[in-house]
Amino acid sequence: MLKNWIREEIPSQEELKERLTKAKSRLYELQMKIKEHKLPVLVLFEGWGAAGKGSMIGKVIKNIDPRFFKVATMSSPTEDELRRPFLYRYMKQIPEAGKFTLLDAGWMEETTKDCLEGKLGSEDYAKRIDSIKRFERQLTDNGYLLLKFFMHIEQEEQYRRLEGLLSAKDTQWRVNAFDKWQNEHYKKCRKVFDRYLSDTNLSTAPWYIIDALDKKWAELQVLETMISGIETAMQNSSHSVPLLQNVFPLVKMPKLKDIELENKVIEEEEYKTELKHLQKKLRELHNRIYRKRVPVIITYEGWDAAGKGGNIKRITEALDPRGFEVHPIASPEPHEKARHYLWRFWTRLPKDGHVAIFDRTWYGRVMVERLEGFCSENDWRRAYNEMNEFEKELSDWGAVIIKFWVQIDKDTQLARFTERQNNPEKRWKITDEDWRNREKWDAYEVAVNEMLQKTSTTYAPWHILESVDKKYARIKALKIVIKELEKAVK
């Protein structure tokens, strides 16, 4: 893209002034419409060192109410961020509906710098590009406006600006070693930038190359592009998104009605012996996954009163409390609901070597949200692929993903509901919502069967825990966790 880029003729000073005044006024008007339309806007500024990314952000935000935007400077990742998936720190920054986030550099700078420093070979680069394209597509599919600007200047102009910054004590800090290296190796950098821009120039999130030679002209290009993008996004906000065909290898799963429950029992003495033995083994494995920096994600879905809590308890009893966290997932908070539905799970991912256990998960999208009408049909149908992509990202990062569906029959659930209702010490466990959900058992069963069929991948398969006998389910879960961790640490 840079190789074939042709510089436009800069308008006259009079025209620049007139168009800038109009653009600033229009952007100021649009911020309220963005809020009304609940349109989240993510603006990414990339480009050459000294091309003016920071100052451009400063000019843009002068036209936006401070309550409606956030600016993030994405410098080198911290030690904590390096222990999480590549996209983690960028997903954390996405804005709420109706607001702007402006990023001073981002996933392009980090990726191209890794290439230039020899940290990314061709195979890893290809994987990184796939991750980025999925990330950007998921954002736009879920209603985000993603605007990507590359601030472009030629080598001589970059050199002149760097020298100007270095000549004054108050601005020397703005030039780092990589900026100088970039100018000295301008052609090599341009080749890497050009490849990246071409590889990630999506129809739903195209790159806009900004001629940054003249600062007022650069500002006008950015503002007019933002305005055009916002106006188009608001017009298209109600359009359905095409569904993508699944490209991930799947594991065949049984229908819930075909799962044998009656004979899945264990005697009390055998249970106690097995529990002690397996918890000891898991405790030892926890130390090994910490030493080898293997992240572990264990998820629980299942019928109400199926025994998820007791199952989780028997696993966590064997873990070092400093190395795990349990996330009980309820209805999203307002700030979570206002973002991409996977945001609240991305932000709860463990560091490598740690364990995250989710009591309810992102699969609520294709169960409760589907059946209760909390999202559109297009949203939940699209979510199967999005969740497979999410888990592929985690698997490629090196995470062990263990997904449990805790299965009971309708009669067992009724007996447990009744016991909870009649026992003052357990009454807090039963709610009106539980009884309402029970009335929709058949509809939930259809949704769960579809979920299991479409999201049991080879890298993140579903495991069924037969839980009419809770003790049996606990032992089975421990055995599965141990087996998966043993494979990971070999």
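For the numbers below, each heavy atom of this structure counts, side chains included, while hydrogens, waters and symmetry mates do not.
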request  = Quick one: list whatever passes salt bridge (Lys or Arg N to Asp or Glu O under 4.0 Å) with Arg84, sequence neighbours left out.
outcome  = Asp80
ask   = If you draw a 6.0 Å radius around CD in Glu18, do more than 12 non-hydrogen atoms from other residues or ligands fall strictly inside?
value = no
query = Which residue pairs pass the side chain to side chain donor-acceptor pair (under 3.5 Å) test with at least one member in residues 98-108, sequence neighbours excluded?
reply = Trp107-Glu136
request  = Look up atom CE in Met387 and atom CZ in Arg382, then write down how far apart they are to the nearest 0.5 Å.
outcome  = 11.0 Å
Residue Lys292 excluded, over 12 heavy atoms near NZ under 6.0 Å = yes
message = Looking at Gly52, is its backbone amide N or carbonyl O close enough to the side chain of Ser55 to form a donor-acceptor pair, meaning the two atoms are under 3.5 Å apart?
response = yes
inquiry  = Salt bridge or not between Lys392 and Asp396? Use side-chain N to carboxylate O under 4.0 Å.
reply    = yes
request  = Salt-bridge test for Lys113 and Glu109: reply yes if a basic N is under 4.0 Å from a carboxylate O, no otherwise.
outcome  = no
ask   = With sequence neighbours left out, what residues match Lys133 under side-chain hydrogen bond (donor to acceptor under 3.5 Å, both in side chains)?
value = none
task = Can you sort out the partners of Ser376 under side-chain contact (heavy atoms from CB on, under 4.5 Å), two or more places apart, ordered by chain and number?
result = Asn378, Asp379
request  = Could you tell me whether Lys490 and Glu486 have a side-chain N and a carboxylate O separated by less than 4.0 Å?
outcome  = no
inquiry  = Let's go through Glu386 and Asn142 carefully: what are the C-alpha distance in whole Å and the side-chain angles of both, what is the deciding distance for side chain to side chain contact (heavy atoms under 4.5 Å, CB included) to 0.1 Å, and is it a yes or a no?
reply    = CA-CA 10 Å; Glu386 292 172 343; Asn142 282 274; 3.0 Å; yes
ask   = Among all residues two or more places apart in sequence or in another chain, which pass the salt bridge (Lys or Arg N to Asp or Glu O under 4.0 Å) test with Asp320?
value = Arg322
inquiry  = Taking the basic N atoms (NZ, or NE/NH1/NH2) and the acidic carboxylate oxygens, is any pair closer than 4.0 Å for Glu157 and Arg161?
reply    = yes
inquiry  = Under a 4.0 Å threshold between the charged nitrogen and the carboxylate oxygen, would Arg370 count as salt-bridged to Glu450?
reply    = yes
request  = Report yes if the distance between the aromatic ring centroids of His354 and Tyr290 is under 6.0 Å, otherwise no.
outcome  = yes
query = So, are Asp194 and Lys3 salt-bridged, with charged N and O less than 4.0 Å apart?
reply = no
query = Any salt bridge between Glu393 and Arg134, counting N to O under 4.0 Å?
reply = yes
ask   = Can a salt bridge be assigned to the pair Arg137 and Glu389 using a cut-off of 4.0 Å between side-chain N and carboxylate O?
value = yes
query = Can you list the residues that meet the salt bridge (Lys or Arg N to Asp or Glu O under 4.0 Å) rule with Lys337, with sequence neighbours excluded?
reply = none
remark   = d(Leu197 CG, Arg190 CZ) to nearest 0.5 Å is 12.5 Å
request  = Report the relative orientation of the aromatic rings in Phe390 and Trp362; use parallel for angles under 30°, tilted for 30 to 60°, perpendicular for over 60°.
outcome  = perpendicular
ask   = Is Glu15 salt-bridged to Arg19, going by a charged N under 4.0 Å from an acidic O?
value = yes
inquiry  = Once ring-ring contact (aromatic ring centres under 6.0 Å, His included) is applied, what residue pairs with a partner in residues 5-32 remain, sequence neighbours excluded?
reply    = Trp5-His152
Pairs satisfying side chain to side chain donor-acceptor pair (under 3.5 Å), at least one member in residues 164-175, at least two apart = none
Pairing residues for Lys403 by the salt bridge (Lys or Arg N to Asp or Glu O under 4.0 Å) criterion, not counting sequence neighbours = Glu391
remark   = With sequence neighbours left out, the residues meeting ring pair (Phe, Tyr, Trp, His ring centres under 6.0 Å) with Phe193 are Trp48, Phe150
ask   = Does atom CD of Glu117 have more than 12 heavy-atom neighbours, drawn from other residues, nucleotides or ligands, at distances under 6.0 Å?
value = yes
Salt bridge (Lys or Arg N to Asp or Glu O under 4.0 Å) between Glu231 and Arg26, intermediate numbers included = CA-CA 10 Å; Glu231 290 175 338; Arg26 181 58 179 155; 2.9 Å; yes
key: side chain to side chain contact (heavy atoms under 4.5 Å, CB included) assessment of Ile209 paired with Phe149   = CA-CA 6 Å; Ile209 298 176; Phe149 296 111; over 6 Å; no
key: Salt-bridge present (Arg348, Glu336; N to O < 4.0 Å)   = yes
request  = Output all residues satisfying side-chain hydrogen bond (donor to acceptor under 3.5 Å, both in side chains) with Ser395, sequence neighbours left out; order by chain, then residue number.
outcome  = none
task = Mind checking the CG-CG spacing from Leu285 to Leu485? Nearest 0.5 Å is all I need.
result = 5.5 Å
key: Heavy atoms from other residues, nucleotides or ligands near CZ of Phe248 exceed 12 (cutoff 6.0 Å)   = yes
message = Determine whether the aromatic ring centres of residues Trp346 and Tyr90 are separated by less than 6.0 angstrom.
response = no
request  = Would you confirm whether Lys351, through its side chain, and Glu81, through its main-chain N or O, come within 3.5 Å as a donor-acceptor pair?
outcome  = no
message = Can you tell me which residue among Trp462, Tyr384, Phe358 is in a ring pair (Phe, Tyr, Trp, His ring centres under 6.0 Å) with Tyr363?
response = Trp462
request  = Any side chain to side chain donor-acceptor pair (under 3.5 Å) involving residues 58-76? Give me the pairs, sequence neighbours left out, ordered by first then second residue.
outcome  = Asp65-Arg67, Lys70-Gln93
